[in-house]
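All of these numbers come straight from a predicted model, not from anything done at the bench. Chain letters run A, B, ... following the sequence lines, proteins first, then strands; residues in each count from 1. Just so it is clear, the values below take in all heavy atoms, side chains as well, and ignore hydrogens, waters and symmetry mates.
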Amino acid sequence: MLRYRERGELHKDFHGSMNAAVEYVGSRYGRDGLRAVFKATAQRVYRSIYEGLKAGDWSGLVEHWRYFMDREGADYALSVTDEAVVMTVKTCPAVARLHKLGLTPSGFFCDQTVLLNEAWCEGTPFEAVTEITGDGSCVQIIKRKTLNVQGRGI
Amino acid sequence: MIPSDQFVRFYNEVFKFLDAQGGDALEEYYRVVSGQQEMHCLELFKTQGLAGMKAYWDRIAVEENCDMTCTLYDDRLEINMNRCPSLSKAMDNDAGAFPRYCDHCPGWVIPLLEKAGYQCEYDMVDRAVPQCRMTIYPADPGRPSRVLLSGCRHEAER
């Protein structure tokens with residue numbers, strides 16, 4: 001069950017505020033600064049999702065992705081198998097909003113996805129792979145870590 | 001992607017991070033945000049004055065699901081926020097609200113209003129209560145902008 005489930009109107013201009021925020025923190029404090037903020041967001045704000053992932057359960061993350069991508073009107077596909085969750089974003093609503101506002105996405109803009117996913121998987125049985133495939137498109141994969149048994153003769 | 005619905009909870013973490021850097025990192029950020037908000041507001045406020053401000057905040061009230069009234073008088077605009085969705089979300093948050101979360105609002109609003117030729121009395125009432133009041137009026141040297149916390153009983157909370 002989602003910890004946060006907003007309803008009602010959307011203020012999509014907050015994507016512009018996000019663009020400014022990541023540019024501000026990233027340009028002054030580097031990616032380490034951004035990493036600290038997104039780690040706090042992933043693991044403290046979204047505590048229930050993170051606790052689920054630590055316990056090997058990605059259902060909270062999947063529900064969160066589905067609910068908010070639908071709510072934002074994203075063009076995306078999401079598949080869940082035993083080994084991985086794969087979300088393919090064809091049109092990112094956040095990037096689309098920046099273009100509508102006439103804003104150029106910060107070089108740090110997609111770190112909200114890359115670093116959030118990275119922090120969600122930290123200390124869990126999962127790893128995150130986020131590939132930016134174009135302007136407003138990406139593939140996000142949360143997959144089970146494979147054991148490194150090389151050299152152990154197993 | 002952080003959903004637009006949840007930007008304020010991320011914003012709340014940015015404030016905590018900048019506050020931990022010390023100095024005037026947070027205040028500098030408010031000034032930068034104010035400059036960025038000029039894109040949305042400055043021309044409107046300069047050309048249409050108080051009526052333009054009412055149009056802006058009426059739109060925000062709908063998009064951000066605010067419980068507020070925005071009343072235009074000949075000489076002022078009065079905004080009464082009965083339930084601020086921004087602080088409400090920051091408080092309804094497993095990470096907890098930054099104690100001075102409310103400060104960002106007058107932090108960006110007042111410099112922008114002054115650039116447009118207006119001043120403002122901003123009563124945050126109490127940083128732990130999602131309510132505030134704002135009165136905006138044409139610039140008057142005898143009545144400079146100010147920020148109040150009228151609902152705080154203890155000096156230490158201010």
Side-chain angles (χ1 to χ4, degrees), chain A residues 3-25 28-29 33-34 36-51 64-65 67-69 71-72 74 76 87 89 92-95 97 101-103 109-110 112-113 116-117 138 140, chain B residues 1-41 56-67 83 85-86 88-98 104-105 108:
Chain A
R3 167 68 176 85
Y4 313 113
R5 186 188 289 268
E6 280 82 3
R7 295 181 178 83
E9 297 289 331
L10 281 176
H11 182 57
K12 287 194 173 185
D13 287 357
F14 275 142
H15 293 303
S17 304
M18 171 60 82
N19 193 47
V22 294
E23 177 60 28
Y24 187 87
V25 174
R28 286 164 177 78
Y29 303 99
L34 282 173
V37 177
F38 282 110
K39 180 174 178 174
T41 305
Q43 299 181 6
R44 299 188 63 212
V45 174
Y46 293 116
R47 189 175 65 193
S48 60
I49 291 174
Y50 183 56
E51 292 297 324
H64 168 84
W65 274 355
Y67 184 80
F68 287 101
M69 293 301 271
R71 187 162 154 73
E72 296 260 359
Y76 76 104
M87 181 160 72
V89 180
C92 172
V95 173
R97 189 62 173 194
L101 291 170
L103 296 171
F109 192 68
C110 292
Q112 66 180 293
T113 297
L116 196 70
N117 290 352
C138 67
Q140 301 175 45
Chain B
M1 180 192 79
I2 302 278
S4 54
D5 281 322
Q6 291 168 8
F7 170 73
V8 299
R9 294 189 181 95
F10 168 79
Y11 212 25
N12 185 57
E13 295 307 310
V14 172
F15 297 154
K16 291 177 188 174
F17 173 82
L18 292 175
D19 188 52
Q21 306 309 308
D24 67 346
L26 201 49
E27 287 69 25
E28 186 194 346
Y29 182 52
Y30 299 157
R31 287 192 289 273
V32 170
V33 170
S34 186
Q36 288 156 348
Q37 283 296 112
E38 290 178 12
M39 178 185 81
H40 300 288
C41 306
Y56 171 75
W57 269 292
D58 280 346
R59 178 173 73 85
I60 293 298
V62 172
E63 291 186 4
E64 295 196 38
N65 303 286
C66 304
D67 174 3
R83 185 180 175 281
S86 188
S88 296
K89 287 183 185 181
M91 293 172 73
D92 174 22
N93 174 6
D94 287 338
F98 175 58
H104 79 274
C105 209
W108 76 260

| task | Check whether A:Tyr4 gets within reach of chain B through its side chain, its backbone, both or neither, counting any heavy atom under 4.5 Å. | result | both
| task | Using a cut-off of under 4.5 Å on heavy-atom pairs, state which of B:Val8, B:Leu18, B:Val33, B:Asn12 scores highest against chain A. | result | B:Leu18
| said: For A:Asp13, which atoms come within 4.5 Å of any heavy atom of chain B: side chain, backbone, both, or neither? | reply: side chain
| Is a side-chain N or O of A:Glu9 found less than 3.5 angstrom from the main chain of B:Val62, in a donor-acceptor match? | no
| request: Please report the C-alpha distance between B:Tyr11 and A:Ser17 in whole Å, then the side-chain angles of each, then the deciding distance to 0.1 Å, and finally whether the side-chain contact (heavy atoms from CB on, under 4.5 Å) criterion is met. | output: CA-CA 9 Å; B:Tyr11 212 25; A:Ser17 304; 5.7 Å; no
| request: Could you tell me which of A:Arg28, A:Gln112, A:Met69 has the largest number of non-hydrogen atom pairs under 4.5 Å with chain B? | output: A:Gln112
| What option among B:Met39, B:Gln21, B:Lys16, B:Gln36 has the most heavy-atom pairs under 4.5 Å with chain A? | B:Gln21
| Heavy-atom count around A:Arg47 CZ within 6.0 Å, excluding the residue itself: above 12? | no
| query | So B:Ser4 and A:His15, side-chain contact (heavy atoms from CB on, under 4.5 Å) or not? Walk me through it. | reply | CA-CA 6 Å; B:Ser4 54; A:His15 293 303; 3.7 Å; yes
| query | Taking atom CZ of A:Phe109 and atom CE of B:Met1, what is their separation to the nearest 0.5 Å? | reply | 9.0 Å
| message | Please verify the inter-ring angle class for B:Phe17 with A:Tyr29; under 30° counts as parallel, over 60° as perpendicular, anything in between as tilted. | response | perpendicular
| note | So, the part of A:Ala36 with a heavy atom under 4.5 Å from chain B: the answer is side chain
| message | Counting only non-hydrogen atoms closer than 4.5 Å, does A:Val25 touch chain B with its backbone (N, CA, C, O), its side chain (CB onward), both, or neither? | response | side chain
| task | Measure A:Arg71 against the heavy atoms of chain B and call it side chain, backbone, both or neither at under 4.5 Å. | result | side chain
| remark: From the list B:Glu28, B:Glu64, B:Gln6, B:Glu13, the residue making the most non-hydrogen contacts under 4.5 Å with chain A is B:Gln6
| task | Given side-chain contact (heavy atoms from CB on, under 4.5 Å), test B:Asp5 with A:Phe68 step by step and report yes or no. | result | CA-CA 9 Å; B:Asp5 281 322; A:Phe68 287 101; 3.5 Å; yes
| task | Check the pair B:Ile60 / A:His11 against side-chain contact (heavy atoms from CB on, under 4.5 Å), numbers first and verdict last. | result | CA-CA 8 Å; B:Ile60 293 298; A:His11 182 57; 3.5 Å; yes
| query | In terms of heavy-atom proximity below 4.5 Å to chain B, should A:Leu10 be classed as side chain, backbone, both, or neither? | reply | both
| task | Might you point out which heavy atoms bring A:Arg44 and B:Ala95 nearest each other, and give the distance in Å? | result | NH2-O, 3.5 Å
| Which distance, rounded to the nearest 0.5 Å, do you find between the CD1 of B:Ile2 and the CZ of A:Phe14? | 13.0 Å
| query | Measuring heavy-atom distances to chain B, does A:Tyr46 have an atom under 4.5 Å in its side chain, in its backbone, in both, or in neither? | reply | side chain
| query | Side chain, backbone, both or neither: which part of B:Val14 has a heavy atom under 4.5 Å from chain A? | reply | both
| query | For B:Asn65, is it the side chain, the backbone, both or neither that has a heavy atom under 4.5 Å from a heavy atom of chain A? | reply | side chain
| remark: Honestly, the part of A:Leu34 sitting under 4.5 Å from a heavy atom of chain B is neither
